[in-house]
Peer 1: 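Sharing a structure here in structure tokens format.
Please read these numbers as outputs of a predicted model, since none were measured by experiment.
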Amino acid sequence: MATSAAGADDARNKTVTGYPVEPGQFAAGYPAAGAYPYVAPPPPPHANTYRPMGPSPYYAPQPTGPIAPNRPTLLCRLLIAAVAVFAIMSLVFFIAWLALRPRLPEFRVESASVFPLNATGSQLTATWDLTLLANNPNHKLRIYYDSIQASLFYGHHSQLATTSLPPFVLTKRNQTRVGFKLATVGEYVGNYVAKGISDERDRGSVRFALGVFASVRFRSGLFQSRPRVLQVFCERVDFGFAQKNGTGTLTGQSSPCVVDL
């Protein structure tokens, strides 16, 4: 009985090669029921794959030859050369400046007079005649004075008159006298200034101040400095009035003027 049952099972599970296939049997070349299926082959390349919309990415062409190093342009070379020349010239002039040891010029008001000096109300009428003594203490440098302007002040801020002076040259260890006039006729100066001048004149002495501004150059042989602004301030120019006619003259000897460069 057991033998016949086993034979029946073998008959149902055996592999057949023809069709149709009876229940419990499977055709040759196919896996039995419940067996692991074959691995599916990979899809063909680019088959049903997602492609983003839009333009395709750009790829720059790769250089085929050797890469040349960056070289400075012509403008950069000219700039470097100009900076180098400027630095060398500045150094040469600085050494020459130290070797020559320039000294500031010296100034003093040598003589001065005023006539007439009338301060009425808020107006002023006067003519000043001054002589300025300029001295060059340098042994190796000449001084060239250009664009000279002289101004007369009352106090420290009230400018009364101004004029331009002709250029001149001071040679080594030399001095020169520069004469000039300043005038004002019926000019408005304000009540405070006019009253101060009138009161000082009645007391016998009026103090004014002289300012001189010039563009100067120092020169020795091939060396020449760049133009610089020279400022001269003579703060004590006193005029004495011995008479009532409004004529005043410089009293005593004026102190040296302050010089700044």
Side-chain angles (χ1 to χ4, degrees), residues 82-114 127-183 205-240 248-261:
V83 172
V85 171
F86 177 77
I88 294 174
M89 292 183 62
S90 300
L91 181 61
V92 170
F93 277 103
F94 179 72
I95 295 176
W97 184 268
L98 292 179
L100 295 173
R101 295 181 180 179
R103 297 172 57 186
L104 292 177
E106 301 167 352
F107 289 87
R108 182 190 298 270
V109 177
E110 187 176 56
S111 63
S113 62
V114 57
T127 299
W128 294 268
D129 190 355
L130 300 102
T131 300
L132 193 64
L133 179 64
N135 179 46
N136 180 13
N138 292 283
H139 295 268
K140 302 178 182 179
L141 292 171
R142 300 186 301 274
I143 306 178
Y144 292 78
Y145 294 83
D146 305 314
S147 304
I148 312 170
Q149 187 177 46
S151 300
L152 197 72
F153 300 87
Y154 177 75
H156 295 283
H157 305 288
S158 300
Q159 180 175 316
L160 304 178
T162 183
T163 187
S164 297
L165 307 181
F168 63 94
V169 180
L170 267 179
T171 57
K172 309 170 188 176
R173 297 289 297 174
N174 196 8
Q175 63 182 13
T176 187
R177 289 170 176 83
V178 182
F180 56 94
K181 292 184 178 182
L182 300 105
S205 177
V206 182
R207 172 170 294 180
F208 295 98
L210 176 67
V212 178
F213 307 92
S215 174
V216 298
R217 294 173 290 122
F218 294 85
R219 186 169 183 177
S220 176
L222 297 177
F223 170 79
Q224 178 174 296
S225 68
R226 61 181 178 85
R228 306 182 67 177
V229 177
L230 180 73
Q231 302 180 20
V232 181
F233 194 71
C234 312
E235 61 180 355
R236 293 184 178 181
V237 184
D238 297 334
F239 291 86
T249 57
L250 184 68
T251 58
Q253 185 178 8
S254 65
S255 58
C257 305
V258 178
V259 181
D260 188 18
L261 186 61

Peer 1: State, to 0.1 Å, how close P256 and R108 come at their nearest heavy-atom pair, and which atoms those are.
Peer 2: CG-NH2, 3.4 Å
Peer 1: Determine the sole option in L230, N138, L104 for which the side-chain contact (heavy atoms from CB on, under 4.5 Å) test with I143 is passed.
Peer 2: N138
Peer 1: How close do F213 and Q231 get, heavy atom to heavy atom, and via which atoms?
Peer 2: CD2-CG, 3.8 Å
Peer 1: Evaluate the side-chain contact (heavy atoms from CB on, under 4.5 Å) criterion for residues L210 and L132: first the C-alpha distance (whole Å), next the side-chain angles of each, then the deciding distance (0.1 Å), finally the verdict.
Peer 2: CA-CA 10 Å; L210 176 67; L132 193 64; 4.1 Å; yes
Peer 1: Are L130 and F180 packed together at the side-chain level, in the sense that at least one heavy-atom pair is separated by less than 4.5 angstrom?
Peer 2: yes
Peer 1: List the atom of P227, the atom of S215, and the distance in Å for their closest heavy-atom pair.
Peer 2: CB-OG, 3.7 Å
Peer 1: At their closest point, which heavy atom of P167 faces which heavy atom of I148, and how far apart are they?
Peer 2: CA-CD1, 4.0 Å
Peer 1: Give a yes or no answer on whether the side chain of N136 reaches the backbone of L141 with a donor-acceptor pair at less than 3.5 Å.
Peer 2: yes
Peer 1: Could you grab the distance from atom CZ of F153 to atom CG of L160, nearest 0.5 Å is fine?
Peer 2: 8.5 Å
Peer 1: Side-chain donor-acceptor pair under 3.5 Å between S111 and T131, yes or no?
Peer 2: yes
Peer 1: Compute the centroid of each ring, for F208 and then for F239, and state whether the two points are separated by less than 6.0 Å.
Peer 2: yes
Peer 1: How close do P105 and Y145 get, counting heavy atoms only, and between which atoms?
Peer 2: CB-OH, 3.2 Å
Peer 1: Quick one: CD on E235 to CZ on R207, what's the gap to the nearest 0.5 Å?
Peer 2: 8.0 Å
Peer 1: Looking at R103 and F218, what are the two nearest heavy atoms and their distance?
Peer 2: O-CE2, 3.9 Å
Peer 1: Okay, side chain of T171, backbone of R142: is any donor-acceptor separation there less than 3.5 Å?
Peer 2: no
Peer 1: Main chain of A150, side chain of T162: is a donor-acceptor contact present, judged purely on distance under 3.5 Å?
Peer 2: yes
Peer 1: Could you go through the side-chain contact (heavy atoms from CB on, under 4.5 Å) check for V114 and T127 one step at a time?
Peer 2: CA-CA 5 Å; V114 57; T127 299; 6.0 Å; no
Peer 1: Could you grab the distance from atom CG of L182 to atom OG of S151, nearest 0.5 Å is fine?
Peer 2: 7.5 Å
Peer 1: Please assess V237 against L250 for the test side-chain contact (heavy atoms from CB on, under 4.5 Å), listing each intermediate value before the final yes or no.
Peer 2: CA-CA 7 Å; V237 184; L250 184 68; 4.0 Å; yes
